[in-house]
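To start, the structure under review is shown below, and the notes come after it.
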Amino acid sequence: MIESALGRLDDVLLLIFAAGALVGALLMIVLREPMRVATALISTMVFLGGIYGLLGVHFIAAFQVLIYVGAVMVFMVYVIMMLDPRDPAIQQPFSKMLVPGVVGFVLLIFVLVGATWKQAPAPLPGVAEGFGLQQFAVAFLRQYWLQFELTSVLLVAAIVAAVAVVKLHRRG
Amino acid sequence: MGALSWIVVLPLVGFLVNGLAGNRLGKRFVSVVGCGLPIASFLIAAASVAALLANDSKPVIDVAFTWATFGRQSFEIAFYLDRLSAVMVLVVTGVGSLIHIYSTGYMHEDESYARFFAYLNLFLFFMLLLVLGRSMLVLFVGWEGVGLASYLLIGFWFEDPEKAAAGKKAFITNRIGDAGFLLGMFLVFFACGTLDMDRVNAIFAQGVPAGVTASVIGVLLFIGATGKSAQIPLHVWLPDAMAGPTPVSALIHAATMVTAGVYLVARMSGIFVHAEFASNLVATIGVLTAFFAASVALVQTDIKRVLAYSTISQLGFMFLAAGVGAYGVAIFHVVTHAFFKACLFLGAGSVIHAMSGEQDIRKMGALAKKIPVTFATFAVSTAAIAGLPPLSGFFSKDEILWFAYGSSFGGAPWLLLLASATALMTAFYMFRLLWLTFFGSPRMDEEVAHHIHESPWSMTGVLVVLALLAAFGGFFSIPHFLEPLLPLPLIRPEAQSFHGPLVWIATGLGVGGLLLAAYFYANDGERAARLKPKFERIHKLLSGKYYIDELYEAVLGRPLNWISEKVFLRIGDRFLIDGSLDGLAALAQRSAKGLARLQTGNLHLYTFLVLAGLVGALLWSWRNG
Amino acid sequence: MDKVQLLLSLAIALFSIGLLGVIVRRNLLVMLMCMELMLNGVNLSLVTFAHQMGEMVGAVLVFLIFVVATAEIAVAIPIVLLLVKRKHSLDLGAYMDLKG
């Protein structure tokens, strides 16, 4: 009984987190100031992290919060703080393509959701457990070692780019 | 390569050598090559003819090479020597060589000496293709080629736009006739499956093949002959062609090229004997042309123009003979005409040479004592063309008059009547020419009179030879010579008895013309001048050549010009062709401008287009499963 | 509607909203953040599929996307900074130099 209650709790939490992520996303495109937009995005990301946790991949949830919120969004917030708030972009937040954009958006939703709902995906093959960190790490060292090394190359490239920009900035 | 091929090729070699290298190798070299090769052709021709006669006149066929093969049909370049082409080839090479020799004297001062001889040799080459060709195709190549050579030579002094225009007129008028010739050739090929003339004649001898009418073919071929031999209505180019140098007028427009039409009719006699309507047409047009041309010649004042109209008239006589079935007689007149007309033209050239370029006979006179050789040969030839016995012209003209009346294949009294009137006019205007040019008092400028001199032996020698031929050439009866090949028509029974009287009538016409001319034109034509006001209107009509050129200009020339200008230039060329090209370019430009509006530089638009494309692709894949 | 459908619909919604944001918003930084939202939507769908199919590949891919997104931001932001130094504006309307 506790398990069925817990199962229902899981579902309820899932719904709440999903709703929260959605609201955050919608707020993003409505709010005027960049700082508030950043906050909305952060909240969406955190809710997503929660969803990942509910799905059993806790380490992914941890990475979500650590990397996305902790590194990426913090960086964004720094930059927002650096730049001038009296920018005309804040005065008129929406572009000229608002109406066509919304129309296209509705069509896209319609098509994609319709497609997923038409072909109802197969029910879960009973892996509600999720993956463990250990398994994950081992997979990286065994099967996906190439991708792992490539990501390190990518990060080096990013560092070099950042350094180059700093040099440019300093010269200017 | 057989002898016949050599006859044809030697002048071509002359053309190439003189044309390409003549300028650099000097006048003497050009003369030797330019005259020597035609003379060589003549000698080979003579030898070939002798061989032919020795061999019982069996036709000689010399195949040079195969031109084209389509399936089972093959077209060869082949040459054919029988009695008819023997006569023609001897005349062409013989008279041609003489005129070449004459040209060395006449064109001596001209700076384009080499070009002249190159073109003359080219002409000779094509003319020989024409007369020696076995197939109508080879004949047609020669036909077109002599037209080309004629154009080049008439417009020889092309820096004068009038002379160049005369060349163009000749070529274009010829081409109209050639359209008829081609259609005739197509019909012949359709009927017989071959264009070899001996085989075509043999097929027609068995009867007209199915699907064609001999008369239609005859008319079409005659249209071609009309263009080439200057008959009505395509005669307008010949008088203008006098713009060319006099040897050209003699060779091409008297002795050889213009007779190609007569040769064609004679050669295709196998078809014409079945074509009553066509033959009647030939005879009618022939006699009408003869009459009208003679009437115009009565009032001409340029020495060469008189001779030009005379040529048209004499060609009419030849077609008259051919139209009543007397093909051998027509060829006979071709030969005698070649002799005396060439002599007359070259004599005129000698007169012009003596008169420092003057061609108006009103400004001549009293030349007989000053240029005696020219005078003597000119007089002999004039008598020949007038038909005075026993010169050659008498024999040939008499035969024509006889068959015009008595032939059972279309001979009729009215033909004789018109032909006789023409003969009278011929004698009259030729003796008028003789009197005004050589007798009376000198009507020229002092300067010109001072320079009058007899021409060099290169010119007078040729005149003498031609005059002798004109005098005695009639004794060799060509109609009899050709009879095995071209049988003479039967005589109508009611006309049989008229032959004797006709000879006397013919002589009377010639003498009568002489006396009339002497009467009116002695003393510089004072009696004729007194008579002129009474006939003012007729005189104007004749001087204006019956205004045919003006008629053609108004009926054909101006409308064609209008169509070319308004329809083809404005609408066809500028609007359609230029318009479509410009339109295409404008279309490209405008569409490019339109498409450039997509590149706004606005990232939002680009992203929206990505979204739109994505939606579209998804919808499409959704629709198609 | 079961879990997978819900999550997939959410992922689609997040992705579409992000795309809409790129089209609709004028501020450069906000556009960047909307692109991050798109990435998150994709991540969610990957995790959902990984959960549904039980394959490790999904999780691995998600991790790799994290790394790439980070590197991307690390380079994109300096680019934005340099652009702003030039044009002194964060408005996309100022960056229409490629017109025509």
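Counting only heavy atoms from C-beta outward, the side chains of C/N43 and A/Y68 approach each other to under 4.5 Å. In this structure, the side chains of C/L6 and A/L14 come closer than 4.5 Å at one or more pairs of heavy atoms. Taking the side chain as every heavy atom from C-beta outward, A/Q64 and C/V47 never approach each other to under 4.5 Å.
Within the 4.5 angstrom heavy-atom criterion, no atom of A/A164 approaches chain C. Within the 4.5 angstrom heavy-atom criterion, only side-chain atoms of A/A139, from C-beta onward, approach chain C. Neither the backbone nor the side chain of A/I159 has a heavy atom closer than 4.5 Å to any heavy atom of chain C. Only the side chain of A/L41 comes within contact range of chain C, judged by heavy atoms closer than 4.5 Å. Heavy atoms closer than 4.5 Å to chain C are found in the side chain of A/A161, but not in its backbone.
Residue with the most contacts toward chain C among A/L154, A/L48, A/L22: A/L48 (heavy-atom pairs, distance under 4.5 Å). Among C/L19, C/L32, C/V57, the residue with the largest count of heavy-atom pairs under 4.5 Å with chain A is C/V57.
Test A/I67, A/T151, A/L66 against C/F66 for side chain to side chain contact (heavy atoms under 4.5 Å, CB included) and you get one pass: A/I67.
Ring-plane geometry between C/F63 and A/F140 is classed as perpendicular, the angle between the planes exceeding 60 degrees on a 0 to 90 degree scale with a lower cut at 30.
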